[in-house]
Amino acid sequence: MALLRGIVLVAVFVLATLGAIAQAGSASSNDSQEHGAAQGQKAPTNENAPPQATTSPVSQTNAGEGDKEVEKAPDKIDQFGNASLRVIEFIDAHEGFFLVVFTALLAVFTYMLRTSTDRLWKAGEEQKAISKKLADTAERQMLITGRQTDIIEKQHAIVRLQFISARDTAKKELRAYLTVEPDGINQLIGRMEVIGQVRLRNVGRLPARNVTLIVKMKLSALSEEDPRNRTKDFDASEDRTTYSDRVVNPGGDMLQGSEDNPPIAALAVEHYNMYVFGIAKYDNGYGDACWTRFCHRYSTDGRLKGLEMIDPPNATRSVIGREKARYHNYGNSAEPSESADLDPCQPSA
C-alpha cells in the first residue's frame, strides 16, 4: 500500500507540473494578443480618406460579436498549439528529468511485480505445505480408519466366537444324553434260555427323540481267565433297518432285553464271559443324530450257585444279578466329534 501511494503521488506531481506548464503558455499567448491589439489602436488616421458610410448601432453590435467569435476560434487553436509546443519544448529541455521519473516508475513497477510474484510464490508454497499436511492427515485418517475397521472386524469375530461358544456350551449342557446300564441276566419263563437286560436312561435336560435300542448277547469263544484274552470286537449292526420313534424324557429310563437268547447251559462253564452289548441311537433334542455304544461283561463264575438247570421255570428268575456286571474295556463309547467319520454300528478298533 505504501508503494502504491508513492506511485500515485509521483503521477499527481507529474500531471500538476504539466498543467502548470500549459497555464504558463496560455498566459503568454494572451499577453501577446493584448499587446498586438494595443498597437492597432494607436495607429494614425488618414484625414484625406473619404468618409465612410455609417451604420446603425444594432448592426454594428451584431457585426462586432460575430467578428469576435471568428477571432476567438483561431486564437483557441493557436493557444492549444502553443501550449503543446511549450510542453514538448519543456519535455525536450528536461529530458533527463522525465527519463529519471520514467525509470523510477519502471523500477517501482518492477519492484511491485517482483513483490507480487514473491507473495504468489510464498502463497503457492504455503498452499503446497497445507495440501501436503492435508494429504498426510488424510493418509493418517485412512490408517486409523483401517485399524478401526480391523479392530471392529476382530471384535465381530470375537463376539461371533463367543456366541458360538455360548451356543455350543448351552447345547452341551441342555442336550439329551443316553446312558445304558446293565440290569442282569435272567432265565425266560418256560424256556431253558437266558436274556440279557439293559436299562436305558436319559441323563440330559432335553427329551431324547427317535430312540432306537439294539441289544445283543454272546458268550466268549474261549476261557478268559486271563484278562488279556478277553473279547475286543463287538458288532452291533444287523441286516434289518432298526428305527423307533420312542421318546425318553429327562430323568426317564427304559428297560429292554437282548435279541439273542443263548441256552442257560452256556453259563455252566467256568472262566468264560457272557457279553451284553449294543447301541442306542437317538435325537439329542437339537436335531442331531447321536449314539451310545455299550458293552457289559458277566463272568460265568458269578452265576447263581445251586440253580436248577433241568426244568424250565414258571416265572422269570435271575441267573446273574446286575451287581455282577462290569463295563467292558471295549465296546463302550459315545458319538465322536463332528469331524469324525465313524459308523457307530461297526466294531470298534
Side-chain angles (χ1 to χ4, degrees), residues 178-201 211-246 248 252-282 291-333 344-348:
L178 293 187
T179 180
V180 182
E181 303 171 356
D183 202 55
I185 298 177
N186 299 333
Q187 184 178 2
L188 295 172
I189 300 174
R191 296 169 59 179
M192 298 298 292
E193 297 172 347
V194 294
I195 185 173
Q197 300 282 353
V198 296
R199 186 173 298 275
L200 182 143
R201 193 183 304 276
V211 178
T212 299
L213 182 59
I214 300 173
V215 184
K216 293 193 173 185
M217 188 176 180
K218 72 175 182 178
L219 184 68
S220 60
L222 300 172
S223 171
E224 296 182 353
E225 185 177 7
D226 187 350
R228 293 176 297 180
N229 296 331
R230 290 174 181 170
T231 306
K232 299 179 180 180
D233 297 331
F234 301 93
D235 186 3
S237 63
E238 55 183 27
D239 296 337
R240 64 182 180 86
T241 302
T242 56
Y243 174 80
S244 172
D245 59 356
R246 289 177 292 187
V248 180
D253 58 62
M254 181 180 71
L255 184 65
Q256 183 169 323
S258 63
E259 300 175 359
D260 304 303
N261 303 122
I264 192 173
L267 300 178
V269 294
E270 295 181 351
H271 310 311
Y272 277 67
N273 286 315
M274 182 67 74
Y275 294 96
V276 178
F277 62 95
I279 185 172
K281 303 177 183 178
Y282 61 99
W291 49 269
T292 300
R293 299 177 71 243
F294 62 93
C295 183
H296 306 146
R297 184 183 73 249
Y298 295 87
S299 174
T300 57
D301 297 337
R303 68 184 182 278
L304 184 62
K305 301 301 181 181
L307 181 65
E308 295 291 338
M309 298 184 183
I310 301 175
D311 298 326
N314 296 325
T316 301
R317 58 180 179 179
S318 175
V319 179
I320 302 177
R322 64 171 69 93
E323 69 280 0
K324 301 291 185 177
R326 300 291 182 270
Y327 286 92
H328 191 41
N329 305 65
Y330 306 95
N332 290 284
S333 62
C345 295
Q346 298 300 321
S348 58

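Just so we're clear, the structure is a prediction, and the values are computed from it rather than from any experiment. Every heavy atom of this structure was used, including side-chain atoms; hydrogens, water molecules and symmetry mates were not.
Judged by distance alone, the side chain of Tyr330 and the main-chain N or O of Thr231 form no donor-acceptor pair under 3.5 Å. Using a distance-only test at 3.5 Å, with no hydrogens or angles considered, a donor-acceptor pair links the side chain of Asn332 to the main chain of Cys295. With hydrogens and angles disregarded, a donor-acceptor distance shorter than 3.5 Å links the side chain of Gln256 to the backbone of Leu213. Side-chain N or O atoms of Gln197 include none that pairs as donor or acceptor with a backbone N or O of Asn186 at under 3.5 Å. In this structure, the side chain of Ser244 engages the main chain of Val211 through a donor-acceptor pair within 3.5 Å. In this structure, the side chain of Asp301 does not engage the main chain of Glu270 through any donor-acceptor pair within 3.5 Å.
Pro182 places none of its side-chain heavy atoms less than 4.5 Å from the side chain of Phe294. You'll find the side chain of Arg297 reaches within 4.5 Å of the side chain of Asn329, heavy atoms only.
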Using the side-chain contact (heavy atoms from CB on, under 4.5 Å) rule, take Thr179 and Thr292 through it: C-alpha gap first, then chi angles, then the decisive distance, then the call. CA-CA 7 Å; Thr179 180; Thr292 300; 5.7 Å; no
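Heavy-atom minimum distance, Pro313 versus Arg191: CD-O, 3.8 Å.
With sequence neighbours excluded, the residues that form a side-chain hydrogen bond (donor to acceptor under 3.5 Å, both in side chains) with Tyr282 are Arg175. Applying the ring-ring contact (aromatic ring centres under 6.0 Å, His included) test to Tyr275 and every residue at least two apart in sequence or in another chain returns Phe234, His328.
Of the inter-residue distances, the one linking Ile320 atom CD1 with Thr300 atom OG1 reads 7.0 Å to the nearest 0.5 angstrom. Separating the CD1 atom in Ile279 from the CZ atom in Arg293 is a distance of 6.5 Å, to the nearest 0.5 Å. Rounded to the nearest 0.5 Å, atoms OG (Ser258) and NZ (Lys218) are 13.5 Å apart. Atom CG of Leu200 is separated from atom CD of Glu181 by 9.0 Å, given to the nearest 0.5 angstrom. Glu259 CD to Ile214 CD1: the interatomic distance, rounded to the nearest 0.5 Å, is 6.5 Å. Here the straight-line distance linking atom CD1 of Ile189 with atom CG of Asn314 works out to 8.5 Å at 0.5 Å rounding.
Note: Phe277 and His296 fail the aromatic proximity criterion, with ring centroids not under 6.0 Å apart.
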